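Counting convention: from 1, in listed order, for ligands and their atoms alike. Predicted model only: the values in this text are computed from it and were never measured.
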Amino acid sequence: MAVDLWNELIVEAAEEFSMDIKGEGAEELPRDSTNLVVTGVEKAFELSGSGTPPPFKYTLINKIPFARGLGSSSAAIVAGLIAGLVLAGHELEVEGHEKLLNIAADIEGHPDNSAPCVYGGFQLGIFDNVEARWSTFRINIPSGLQCVMFVPDLKIETKTARGLVKDTISRSDAVYNMARTALLVRSFCMNDMGALRLATEDAMHQIPRSTAYPALYPVINAALAAGAHGAFLSGSGSTIMAITSGLKGDAFHQIKEERLDVKVGEAMLQAAADCGLKGRIYASSPSDKGAYVVRKNAVLMDNI
Ligand SMILES: Nc1ncnc2c1ncn2[C@@H]1O[C@H](COP(=O)(O)OP(=O)(O)OP(=O)(O)O)[C@@H](O)[C@H]1O
Ligand SMILES: N[C@@H](CCO)C(=O)O
């Protein structure tokens, strides 16, 4: 599900390659061609038949915390792909093909984050063996939902978190999760948030991942006790996401005591602190919109 939390990428013509990173990951993310925005731009140029891209000046303005289960790597890949397609003047087949989504998911290895990143909203990403490609399906999101995210000072890379989950699962665990996946989709389609606590229970990945993350269940339980409809590990972690609703109007006009998102956020922070873990709370909402081009400026050549 896409949330209203954005990274911005500016790509400009330049004499030589450079990269400036502001905000999240400014100190840690690579500033060379291994940065995923460059991977995206290079892929777009390759697809356009233009070969290697010319040197560019990259500016990344990052709001999405990285290696926290919030899809920052997909955001970087998709931003690079879209910027590269615009710069190379190349268009992809969309309708009935989902080319952009498939290219992004192939770079990332799965569509879990690329689908909401490309399209916005709540997306199911399924590999279609007949078409030999990823296919996505949009699910309704009830209006007024809030996403309260506990983002700990603890980075967990997806490949590490995936290493904690067994390759095989028992039949009973599969049945447990399949039933809850169906209930989750029903809850969203029917605007029935009352079923979300049950629908967001899990028997497949949270327990093994909690072995490296002792605060996981205390924080989930604190969010539920404070009134969240459901709470769960976001992606492969380390962010823990709680879903609340009930506010009317802009958050700035609310009385603090009446704001469930604040109560839930405070409860999550406290439970984490009790486990010796610090972090930040982000309160956001689902975004219906995916990645988009803000502006394209034509650069006049010297001889024009
Ligand atoms: N521009 C970029 N933004 C974010 N991560 C990047 C970028 N370029 C390279 N990376 C690398 O990608 C890795 C982070 O990807 P990872 O998939 O683990 O985290 P995430 O996308 O934030 O979380 P998740 O996939 O669990 O939602 C790090 O090793 C990071 O160095
Ligand atoms: N949904 C994936 C991670 C996507 O970031 C997982 O649980 O491994």
Side-chain angles (χ1 to χ4, degrees), residues 1-3 5-11 17-43 56 58-84 104-118 122-127 134 136 147 149-167 169 173 177 180-181 184 200 202-210 212-213 216 232-241 282 284 291:
M1 184 168 72
V3 296
L5 190 57
W6 299 84
N7 282 357
E8 205 176 316
L9 169 66
I10 302 166
V11 188
F17 177 96
S18 68
M19 182 172 289
D20 184 18
I21 306 178
K22 303 179 203 296
E24 296 293 331
E27 305 300 324
E28 299 111 311
L29 289 174
R31 286 166 190 267
D32 56 20
S33 63
T34 63
N35 192 296
L36 290 168
V37 297
V38 183
T39 309
V41 170
E42 286 174 347
K43 185 69 190 177
F56 287 123
Y58 293 85
T59 307
L60 282 66
I61 304 162
N62 289 346
K63 298 261 172 58
I64 307 174
F66 85 100
R68 304 297 212 302
L70 288 171
S72 74
S73 45
S74 276
I77 293 165
V78 172
L81 278 170
I82 291 180
D106 285 346
I107 296 174
E108 175 87 358
H110 58 81
D112 304 6
N113 300 323
S114 359
C117 192
V118 169
F122 185 178
Q123 302 288 339
L124 279 178
I126 292 175
F127 194 79
W134 295 104
T136 67
C147 305
M149 295 166 271
F150 170 67
V151 183
D153 298 347
L154 168 73
K155 295 189 185 71
I156 302 181
E157 297 225 353
T158 305
K159 57 178 184 297
T160 314
R162 287 198 159 184
L164 296 169
V165 182
K166 285 182 291 181
D167 286 339
I169 52 164
D173 286 349
N177 267 49
R180 281 158 179 78
T181 306
L184 181 70
T200 54
D202 167 77
M204 275 167 51
H205 76 115
Q206 288 188 164
I207 292 170
R209 285 171 169 168
S210 72
Y213 192 4
L216 174 59
F232 46 87
L233 193 63
S234 174
S236 57
S238 55
T239 294
I240 300 168
M241 171 94 71
Y282 284 62
S284 187

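- Where the criterion is an N or O separation shorter than 3.5 Å, residue side chain and backbone included, Leu60 fails it with respect to ligand 1.
- With hydrogens and angles disregarded, no donor-acceptor distance shorter than 3.5 Å links the side chain of Asn177 to the backbone of Asp202.
- Considering both main-chain and side-chain atoms, Glu157 comes within under 3.5 Å of ligand 1 through a nitrogen or oxygen pair.
- Protein heavy atom closest to atom 16 (P) of ligand 1, with residue, atom name and distance, is Thr158 OG1, 3.5 Å.
- Between atom CZ of residue Arg209 and atom CZ of residue Arg162 there is a gap of 7.0 Å, rounded to the nearest 0.5 Å.
- Between the side chain of Asp173 and the backbone N or O of Met204, no donor-acceptor pair lies under 3.5 Å.
- The backbone N or O of Ser238 lies less than 3.5 Å from a partner atom in the side chain of Tyr213, making a donor-acceptor pair.
- Heavy atoms of Ala161 found under 4.0 angstrom from ligand 1: none, in either backbone or side chain.
- Close approach of ligand 1 to Arg68 is summarised as follows: ligand atoms under 4.0 Å from at least one heavy atom of the residue are 22 (O).
- Close approach to Ala76 involves these atoms of ligand 1, each under 4.0 Å from a residue heavy atom: 1 (N), 2 (C), 3 (N).
- With a heavy-atom cut-off of 4.0 Å, Asn35 touches ligand 1 through backbone and side chain alike.
- The protein heavy-atom contact nearest to atom 23 (O) of ligand 1 is Gly69 N, 3.4 Å.
- In this structure, the protein non-hydrogen atom closest to atom 4 (C) of ligand 2 is His110 CE1, 3.4 Å.
- A side-chain donor-acceptor contact under 3.5 Å links Gln206 to the backbone of Leu233.
- Expressed to the nearest 0.5 Å, how far OG1 of Thr160 lies from NZ of Lys155 amounts to 12.5 Å.
- Within the 4.0 Å heavy-atom shell around ligand 2 one does not find Lys159.
- If you number the atoms of ligand 1 from 1 as listed, the ones under 4.0 Å from a heavy atom of Phe66 come out as 22 (O).
- Checked against a 3.5 angstrom limit, the closest N/O atoms of Thr158 and ligand 2 fall outside it.
- A side-chain donor-acceptor contact under 3.5 Å links Ser234 to the backbone of Gly69.
- Proximity of Ser72 to ligand 1, defined as any heavy-atom pair under 4.0 Å, is shared by backbone and side chain alike.
- Taking all atoms of both residues into account, the shortest heavy-atom contact from Glu157 to Ala67 is CG-CB, 4.3 Å.
- Within ligand 1, the atoms closer than 4.0 Å to a non-hydrogen atom of Ser236 are 26 (O), numbered from 1 in the order shown.
- Taking the six-membered ring for Trp and thresholds of 30 and 60 degrees, Phe17 and Tyr58 have ring planes inclined between 30 and 60 degrees apart.
- Residue contacts with ligand 1: Ser74 is placed with no nitrogen or oxygen under 3.5 Å of a nitrogen or oxygen of the ligand (distance criterion only).
- The Asn113 neighbourhood of ligand 2 comprises atoms 4 (C), 5 (O), with distances under 4.0 Å to a heavy atom of that residue.
- Heavy-atom distances between Glu108 and ligand 1 reach below 4.0 Å in at least one pair.
- Of the protein's non-hydrogen atoms, Leu29 CD2, 3.8 Å is the one closest to atom 30 (C) of ligand 1.
- By the 3.5 Å distance cut-off applied to N or O atoms, Gly237 is not counted among the residues near ligand 1.
- The closest non-hydrogen atom to atom 27 (O) of ligand 1, taken over Gly71, Gly235, Ser234, Gly80, comes from Gly71.
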Evaluate the criterion side chain to side chain contact (heavy atoms under 4.5 Å, CB included) for residue pair Phe232 and Leu184; output intermediate values, then yes/no. CA-CA 12 Å; Phe232 46 87; Leu184 181 70; over 6 Å; no
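- Considering every non-hydrogen atom in both Ser74 and Cys117, the closest pair reads O-SG, 3.9 Å.
- For the pair Thr239 (side chain) and Arg68 (backbone), a donor-acceptor distance under 3.5 Å is present.
- In this structure, Arg31 contributes its side chain and Ala26 its backbone to a donor-acceptor pair below 3.5 Å.
- For atom 8 (O) of ligand 2, the closest non-hydrogen atom on the protein side is Arg162 NE, 2.7 Å.
- Not a single heavy atom of Gly25 sits closer than 4.0 Å to an atom of ligand 1.
- Considering backbone and side-chain atoms alike, Leu70 places an N or O below 3.5 Å from some N or O of ligand 1.
- Using a non-hydrogen distance threshold of 4.0 Å, Ser73 registers as a contact of ligand 1.
- Taking both residues in full, the closest heavy atoms of Ser236 and Ala161 are given as O-CB, 3.4 Å, listed atom of the first, atom of the second, then distance.
- Considering Asn7, Asn35, Leu36 in turn, Asn35 is the only one that fulfils the side-chain contact (heavy atoms from CB on, under 4.5 Å) rule with Leu60.
- The shortest contact between atom 9 (C) of ligand 1 and any protein heavy atom is with Leu36 CG, 3.5 Å.
- Distances between N or O atoms of Asp112 and those of ligand 2 include at least one value under 3.5 Å.
- Of all heavy-atom pairs spanning Asn113 and Gly71, the tightest one is ND2-CA, 3.6 Å.
- Closest protein heavy atom to atom 3 (C) of ligand 2: Ser236 N, 3.7 Å.
- Ligand-side atoms of ligand 2 in range of Arg209: 6 (C), 7 (O), 8 (O), range being under 4.0 angstrom from any heavy atom.
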